[in-house]
Amino acid sequence: MMEKKALFVVGTGTDVGKTYITALLVKKCREQKYDCGYYKAAMSGANDIAHSDAGYVNKVASIGQEEQTLVSYFYHTAVSPHLAARLEGHPLEMAQVKRDFANVQERYPYVIMEGSGGILCPLRYDTEAKIFLTDVIQELKLPVVVVGKAGLGSINAVGLTIHYLHAQNIPVRGIILNDYMPSVLDDDNVQMIEQLTGEKVLALVAKGANDIEIDLKKLWPDARKSDGNGAR
């Protein structure tokens, strides 16, 4: 039986293009015959799944995945998931996340899981449980791809995120910079980020690009050719 493969996409914060980059990654995987699905533990701030981050990825990447499998906890209130859960009375349960993630893995040999906000984003924070993104990543034993914005501030934002991941002993597969423009600043940032973090920048994505140029072997380094066939 083929080993199931998955990775986690985390942003350096909100509004860095994490969902956009996730959609491009899943799209690229499927175009290259990696039968890739999508999953997100919790999201907030949309009226329904079709018009949410998960629905966006499902559409852009042409997955055709059933909506109910895309996300476990869906909140309407546009705040951090932990606060939305408290306001709406529906807190995240790790056991449910594990079950739903396993269900997506049963359907797709490759799964890209998207985080919520930055690496310190709390998914649940109450008297019963305190669950952060890192808890989910560690529970599911996933390597991470970090998405940040190119330009001013990227060295600090990416560097701090990577530093925190390293401190938590979470494996980092690489970095993707969004809104990249060829310039002295952006190109120097790439070099500095790699030198200061010890991690590689896997892709540079121009603002509004419809595709991502990336070596998928860097995302799935232990994949066999036969693993990638048969995208739906």
Subject >> Among R86, H82, M43, H90, side chain to side chain contact (heavy atoms under 4.5 Å, CB included) partner for Y75 >> reply: H90
What's the shortest heavy-atom distance between [X] and [Y], and which atoms?
X	Y	answer
L219	C29	CD1-SG, 4.4 Å
L202	K218	CD2-CB, 3.9 Å
G55	L70	N-CD1, 4.5 Å
R30	C36	NH1-O, 2.8 Å
L120	F132	O-CD2, 3.4 Å
G117	L133	O-CD1, 4.5 Å

Original post:
For Y164 and T134, does a side-chain donor sit closer than 3.5 Å to a side-chain acceptor?
Top reply: no
**OP:** Would you sort out whether L92 and S72 count as a side chain to side chain contact (heavy atoms under 4.5 Å, CB included), showing the intermediate values?
**Re:** CA-CA 8 Å; L92 180 143; S72 294; over 6 Å; no
**OP:** Can you sort out the partners of D126 under salt bridge (Lys or Arg N to Asp or Glu O under 4.0 Å), two or more places apart, ordered by chain and number?
**Re:** R124
**OP:** Tell me, please, which residues at least two apart from E128 pass salt bridge (Lys or Arg N to Asp or Glu O under 4.0 Å).
**Re:** none
Taking [X] for the side chain and [Y] for the main chain, is one N or O donor matched with an acceptor at less than 3.5 Å?
X	Y	value
E213	A203	no
H76	S44	no
Y73	E93	yes
Y20	A209	yes
Y34	V26	no
E114	V10	no
K18	G115	yes

Subject >> Intermediate values then yes/no, side chain to side chain contact (heavy atoms under 4.5 Å, CB included), F101 and V136 >> reply: CA-CA 11 Å; F101 179 76; V136 173; over 6 Å; no
**OP:** Pick out which of D53, T19, T22 makes a side chain to side chain donor-acceptor pair (under 3.5 Å) with K40.
**Re:** D53
Subject >> V190 and L204: CA distance, side-chain angles, deciding distance, side chain to side chain contact (heavy atoms under 4.5 Å, CB included) verdict >> reply: CA-CA 9 Å; V190 172; L204 301 169; 3.7 Å; yes
Side-chain atoms of residues 137-162: list all donor-acceptor pairs with protein atoms under 3.5 Å, sequence neighbours left out, distances to 0.1 Å.
| residue | atom | partner | partner atom | Å |
| --- | --- | --- | --- | --- |
| Q138 | NE2 | Q168 | O | 2.9 |
| E139 | OE2 | K98 | NZ | 2.9 |
| S154 | OG | G151 | O | 3.0 |
| S154 | OG | N189 | ND2 | 3.1 |
| T161 | OG1 | A157 | O | 2.9 |

Subject >> Check against side chain to side chain contact (heavy atoms under 4.5 Å, CB included), I119 and T12 >> reply: CA-CA 7 Å; I119 192 60; T12 56; over 6 Å; no
Quick check: do [X] and [Y] have side-chain heavy atoms less than 4.5 Å from each other?
X	Y	answer
I170	F8	no
V205	I176	yes
P122	P81	no
Y38	I112	no
D100	V104	no

**OP:** Can you run down the side-chain hydrogen bond (donor to acceptor under 3.5 Å, both in side chains) pairs that involve residues 197-211, sequence neighbours left out, and say none if there aren't any?
**Re:** K28-D211, H166-E199
**OP:** Name all pairs fulfilling the side-chain hydrogen bond (donor to acceptor under 3.5 Å, both in side chains) condition that reach into residues 169-184, sequence neighbours left out, sorted by first residue then second.
**Re:** Y180-D187
**OP:** Might you work through the salt bridge (Lys or Arg N to Asp or Glu O under 4.0 Å) test for K4 and E106, ending with a clear yes or no?
**Re:** CA-CA 8 Å; K4 302 294 184 177; E106 284 297 312; 5.5 Å; no
Original post:
Is the count of non-hydrogen atoms from other residues, nucleotides or ligands lying under 6.0 Å from Y125 atom OH greater than 12?
Top reply: no
Original post:
Would the number of heavy atoms belonging to other residues, nucleotides or ligands and lying under 6.0 Å from NE2 of H163 be above 12?
Top reply: no
**OP:** Supply the members, apart from M181, of the Ile/Leu/Val/Met/Phe/Trp/Tyr cluster built from side-chain contacts under 4.5 Å; use none for a lone residue.
**Re:** none
Original post:
Going hydrophobic residue to hydrophobic residue with side-chain gaps under 4.5 angstrom, can you get from L177 over to L196?
Top reply: yes
